Amino acid sequence: MKMEVMEFLKIYKDAMTHNPFVVLVLVCVVADTVFGCLRAAKYHAWNSSLGIDGGIRKVTMLLSVLFLALVDQLVGINVISWLPEAATAALSAVNISAIGLAEFFCIVYILYEATSILKNWMLCGVWVPTGLKDKLAEWLDQMTDESSVSIVDTLAQPDNKQIPKNKV
């Protein structure tokens with residue numbers, strides 16, 4: 001019995017460390033944390049309650065991915081056959097042969113973190129082509145409600161002050 005548990009844990013560990021979705025979630029979490037800290041430093045706006053909330057959210061995301069991967073391992077959920085043939089072929093080209101609950105939620109988390117990375121990146125002042133910058137700033141202002149900062153108005157300010165939404 002002990003050997004079966006150890007074997008299962010080894011398979012689980014290997015599944016986690018070789019899963020590109022899990023690795024990408026980890027990369028996104030680290031990138032969002034770095035850009036969030038750079039943004040806070042630039043605007044001199046360290047907020048411990050926002051930082052703690054963000055940290056709790058990130059830890060919860062990672063724990064849910066680990067739990068869902070365990071469920072996938074035990075139950076054997078794989079929805080890749082539900083995808084169109086072109087999507088299945090593209091995924092097999094990059095050695096992805098299964099999409100379970102963990103991978104599905106990883107995709108959602110990656111999109112969520114990518115939006116936050118993009119917002120922090122733009123507010124940090126990282127160069128973005130002008131036309132794209134304006135469109136992204138408008139889209140992020142409309143689609144995100146994670147903070148009360150208006151990206152469009154903040155980027156238009158020369159004095160490094162964050163401008164609240166709907167208050168100019």
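Numbering starts at 1 and runs along the sequence shown. Not measured: the values here are computed from a predicted model.
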#### Entry: Hphob cluster co-occupancy, Trp82 + Ile80, side-chain heavy atoms under 4.5 angstrom
yes

### Message
Just verifying a value: how many Å separate Leu63 CG and Ile56 CD1, rounded to the nearest 0.5 Å?
### Response
11.5 Å

### Message
Could you go through Leu24 and Tyr109, starting from their C-alpha distance and side-chain angles, then the distance that decides it, and tell me whether this counts as side-chain contact (heavy atoms from CB on, under 4.5 Å)?
### Response
CA-CA 10 Å; Leu24 196 51; Tyr109 294 152; over 6 Å; no

### Query
Should Asp53 and Arg57 count as an ion pair when the cut-off is N to O under 4.0 Å?
no

### Task
Flag yes if Phe104 and Val71 sit in one hydrophobic cluster, no otherwise; membership is Ile, Leu, Val, Met, Phe, Trp, Tyr, and two members link when side-chain heavy atoms are under 4.5 Å apart.
yes

### Task
Kindly indicate whether the side chain of Ile117, heavy atoms from C-beta on, has any atom under 4.5 Å from the side chain of Cys28.
yes

### Message
Using side-chain heavy atoms (C-beta onward) and a distance below 4.5 Å, is Leu74 in contact with Tyr12?
### Response
no

### Query
Rounded to the nearest 0.5 Å, what separation is found between the CD atom of Glu138 and the NZ atom of Lys133?
13.0 Å

### Message
Are the side chains of Val126 and Phe35 in contact, using a 4.5 Å heavy-atom criterion?
### Response
yes

### Query
So, for Thr33 and Lys58, which heavy atoms are closest and what is the spacing to 0.1 Å?
OG1-CE, 3.4 Å

### Message
Checking the side chain of Asn78 only, and the main-chain atoms of Ile99 only, is there a donor and an acceptor separated by less than 3.5 Å?
### Response
yes

### Task
For residues Leu70 and Leu66, determine if any side-chain heavy atom of one lies less than 4.5 Å from a side-chain heavy atom of the other.
no

## Note on the structure
Rounding to 0.5 Å, atoms CG (Leu38) and CH2 (Trp121) come to a distance of 12.5 Å

### Query
Looking at CZ of Arg39 and OG of Ser116, how far apart are the two atoms once the value is rounded to the nearest 0.5 Å?
8.0 Å

### Query
Counting distance only, does the side-chain N/O of Ser150 pair as donor-acceptor with the main-chain N or O of Asp153 below 3.5 Å?
yes

### Query
Are Leu62 and Leu111 co-members of a hydrophobic cluster defined by side-chain heavy atoms under 4.5 Å apart?
yes

### Stepwise side-chain contact (heavy atoms from CB on, under 4.5 Å) test for Val23 and Asn19
CA-CA 6 Å; Val23 172; Asn19 187 325; 5.9 Å; no

### Task
Could you tell me whether a side-chain N or O of Asp32 sits under 3.5 Å from a main-chain N or O of Glu113, the two making a donor and an acceptor?
no

### Query
Going hydrophobic residue to hydrophobic residue with side-chain gaps under 4.5 angstrom, can you get from Val34 over to Trp127?
no

### Min side-chain heavy-atom separation Asp72-Glu103 under 4.5 Å
yes

## Note on the structure
Rounded to the nearest 0.5 angstrom, the CZ-CZ distance for Phe67 and Phe105 is 11.0 Å

#### Entry: Leu140 vs Val152 side-chain heavy atoms within contact, under 4.5 Å
no

### Query
Side chains of Leu123 and Ile151: does their closest heavy-atom pair fall under 4.5 Å?
yes

### Task
Quick one: closest heavy-atom pair of Ala69 and Ala102, and the distance?
N-CB, 3.6 Å

### Task
Drop me the distance from Lys135's NZ to Thr130's OG1, to the nearest 0.5 angstrom.
11.0 Å

### Query
Among the clusters formed by ILVMFWY side chains lying less than 4.5 Å apart, do Ile77 and Val108 turn up in the same one?
yes

### Query
Do the side chains of Val22 and Cys106 get nearer than 4.5 Å, heavy atoms only?
yes

### Query
CZ of Phe8: more than 12 outside heavy atoms within 6.0 angstrom?
yes

